[in-house]
Amino acid sequence: MGRQVLITDDTAFMRMTLKNILEKNGYQVVGEAEDGQVAVDKYLELRPDLVTMDITMPRMDGITAIKKIIEADPEAKIVVCSAMGQKALVIEALSAGAKDFIVKPFQAERIINAVQKVIG
Amino acid sequence: MDTSEYRDLFLAEAREYLQGLNIALLQLESDPANREVLQEMFRAAHSLKGMSATMGYQQLANLTHQMENVLDFLRQGTLRANREVANVLFESLDLLELLLGRLDEPAACLEQLDRVVGKLRAACDGSMEEAGSLGNAADGDALLLDEFEKEMLRAGCAGGERARHLQVILDASCLLKSVRAYMVFKLLENFGHIVKAVPGAQELEEEQFEDRFQLVILTQAADETIRSELLQIAEVADVFVRDVPEMGVPSAGLEPAVVRQVEVVSETAVSQEEADGERRNIRRAAEKTIRVETDKLDKLINLVGELVVNRTRVVELGRTDVAAELVSAVEQLDRITTDLQSAVMKLRMVPIKQVFDRFPRMVRDLSQEKGKKVNLEIRGEETELDRSIVNQIGDPLVHLLRNSVDHGIEPPGVRVQNGKPEEGTIILEARHEGSYVLIRVSDDGRGIATEEMLQKAVQKGLLSSAEAQRISDEEVLRLIFRNGFSTAEQVTDISGRGVGMDAVKTVIESMNGSVEIKTSPGEGTRFYVRLPLTLAIIKALLVEVAGEIYAIPIEAIRENLYVAPQDIKTIQGEKVINVRSEVLPLIYLGEMLGMKSGSSEEILSVVVVEAAERKTGLVVDVLLGQQEIVIKSLSRAVEGIRGVAGATVLGNGRVALILDVSSLI
């Protein structure tokens, strides 16, 4: 069975894109979250191998969510999904404990490359 | 992305870069310290990498990436451009060329690629060993440690840490490079601490770097650990860990170091300026030209050819008409079309540089292989020639040059014994000479021993011993161009197979050119290749035979004679004439071409032509006059008829066949 991934993004389109790419490459998408709060809740519930985390989201942003998840599980593996120009935020997310980042628009190759390096 | 439509453009541009790299590498070999050349090469490799990756040519991208690494070390001064490194780079360029030719076979040359990439990597590793012996980097990106940083490193080393120099290379397509750099920094903090970054932290954060940066760190971790950990970060393409160059240099105290740094900085500024200037020049030259498909050009030339033919016709009509205004209009038209024609013909002209450029590399490889020292001097590479001639002249010249390196130039030891400089010189020169271009290939080698050649020729049965007695030195030399003749003791893979020189002659003569050879034993050999400026339009003598008009290329004609019947002698059943004590065979063109000669003239018109060093008299009915004609090739159905080289349309609309003199006689 493939490694389990939780996808976090506030747009359904991006979630679908990511899900397609990951599933095509043998990963199992066990959950989807539309904001930071849902992501934290689902993480605690599902304990996936990897979380992809959008940064700008309503209710709770990605950086806060990363901090909360790492607080609950210091070993959590999180990959940040950012848009171009969010450099400062990406660095903040990385220093909060995210393992890597991918830049939108997504390219399958890059995503898989990043995911592989984090969880194999 | 569908990139197929960019393929041709990619290829053309990639080939230009490749050519540039070849030339630059040769330059570098003779002047290893030349930083501008290195900078130029690095940029070229970098651009090639980017282009290839964009087009999805992974092998090319991989190869150029490794080349780029080696070149980067070279320009930093941490790797010396010695012969091995140059050879590896040359090998890479060869492979690059090979790959460019096989773009559609993604799996082609994989083994070769692995081998070359391995060698390139080994060259980079070599730089780690050599690092430290060279602290002379003067590049903008070079590592310059100030006293404070050196002090820190010394203190760290005293405390049991090791100073390491890291080169981190990111994927060319990496986005948010600064964040990747941040991740590298963050990871390295687990191993030790960063003393210096080039470019500095500020520039890194503002993404003011290409795809690589250097770090100096103090660490206790093993090089391999650092490397493999860093490679775990996504989009980190490669990492090199090595000694810090400056640490190997004994500390020279504060003052000299500062002075040196200042010098180095100003030097950098100058070279940067120069490089910029050079780049601007290159760009300016590029803006002055446009690329045009050769098909379009040929079509234009063909149309102008038609125009010229019709002009001639109008001009002829104008002569018979009495209306003065028409006559002057026609004259005007005549002038303009003449100018137009010469302007269009110039479009076909390209500098012979295109061909010459590949020779330095070839001569270098060859002389290295043969253990000879050869300096190739190229002159007149800006000389322009018709494109189709330029395309064809390459192979014959390759052969002549190979011949000079292989047979002409002596081994260094022999040269010194004979009181010559150790290094032989081959001069390749092109220049205009009337309506011809003369290409001279001369060497200062051993020359050709005519005695030896004569013996060989008799041995091989090319000559009888009786003939050998009478033959002049000049004629002996011409034997070189005979099929089946070779003077080389041993057949090498380069020359000496005896098939080369006659092929050279055939190709050159097929372009209406000629080749001549001169030699002085012990002093060298010179080959003179004469080529017409263009193949599309020639001057020809029009003659009439049995009511038909034929054109004989002027180049082949030596003179025209009127011969009285009593001057024709018969020797061994063949008709000959005696012209200034030279005996020339006569050919009756009408009979030769299978027509009834309609001439009943008492006095024969004879055109003396020369081809393949042989003169012959062609008997024709009427000499009509000289004219410029546009050569039209014959359709495939009538191609290859002996004696006929093509056809042309005359001013009056009649078609005339162009005679191919060399196959006639």
Side-chain angles (χ1 to χ4, degrees), chain A residues 3 5 14 17-18 21-22 25 27 49-56 61-63 66-67 70 74-120, chain B residues 1-3 50 52-59 61-62 65 106 168-190 193-194 197 199-209 211 213 225-239:
Chain A
R3 314 290 299 262
V5 184
M14 290 316 278
T17 312
L18 259 178
I21 293 170
L22 288 168
N25 285 276
Y27 295 93
D49 299 307
L50 182 91
V51 185
T52 73
M53 184 70 71
D54 188 18
I55 294 184
T56 340
D61 67 33
I63 294 189
I66 290 169
K67 284 181 184 156
I70 294 285
E75 296 296 305
K77 307 265 192 302
I78 306 170
V79 171
V80 179
C81 302
S82 89
M84 285 295 285
Q86 290 184 314
K87 199 175 73 195
L89 288 172
V90 174
I91 289 180
E92 205 184 330
L94 289 171
S95 55
K99 295 289 183 234
D100 204 340
F101 68 94
I102 39 188
V103 182
K104 296 176 191 173
F106 292 141
Q107 277 175 288
E109 229 176 279
R110 283 165 191 282
I111 292 170
I112 297 310
N113 188 352
V115 171
Q116 268 173 356
K117 290 220 163 160
V118 176
I119 58 167
Chain B
M1 177 167 60
D2 181 24
T3 51
S52 311
T54 311
M55 294 291 290
Y57 300 133
Q58 281 316 314
Q59 298 198 52
N62 185 3
H65 172 70
V168 181
I169 301 160
L170 301 177
D171 276 347
S173 55
C174 176
L175 296 167
L176 286 187
K177 292 182 289 186
S178 60
V179 184
R180 289 288 163 211
Y182 167 81
M183 290 176 76
V184 169
F185 276 57
K186 193 157 165 268
L187 188 95
L188 284 174
E189 274 161 22
N190 300 334
H193 59 273
I194 296 163
Q202 177 87 20
E203 281 104 326
L204 286 176
E205 209 197 310
E206 289 167 7
E207 298 210 350
Q208 286 174 7
F209 64 108
D211 62 347
F213 52 92
T225 317
I226 298 174
R227 180 160 188 267
S228 62
E229 283 291 325
L230 286 177
L231 285 174
Q232 276 305 303
I233 301 175
E235 295 184 318
V236 169
D238 219 335
V239 177

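In what follows, every chain begins at residue 1, and chains take the letters A, B, ... in the order their sequences are listed.
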As an exercise, state the distance from [atom1] of [X] to [atom2] of [Y], rounded to the nearest 0.5 Å.
X: A:F101; Y: B:M183; atom1: CZ; atom2: CE; answer: 6.5 Å
X: B:R180; Y: A:D100; atom1: CZ; atom2: CG; answer: 4.5 Å
X: B:D171; Y: A:N113; atom1: CG; atom2: CG; answer: 7.5 Å

When you measure from the side chain of A:K99 to the backbone N and O of B:I233, does any donor-acceptor pair fall under 3.5 Å? no
Taking the side chain from A:K117 and the backbone from B:L231, do they hold a donor-acceptor pair closer than 3.5 Å? yes
Surrounding CD of A:E109 (heavy atoms of other residues, nucleotides or ligands, distance under 6.0 Å), is the total greater than 12? no
For the CD atom on B:E205, are there more than 12 heavy atoms of other groups (residues, nucleotides or ligands in this structure) within a distance under 6.0 Å? no
Can you sort out the partners of A:D49 under salt bridge (charged side-chain N to carboxylate O under 4.0 Å, His left out), two or more places apart, ordered by chain and number? A:R3
Taking ring pair (Phe, Tyr, Trp, His ring centres under 6.0 Å) as the definition, give me every residue that meets it alongside B:F209, ordered by chain and number, with sequence neighbours left out. B:F213
Looking at B:K186 and A:L94, what are the two nearest heavy atoms and their distance? NZ-O, 3.1 Å
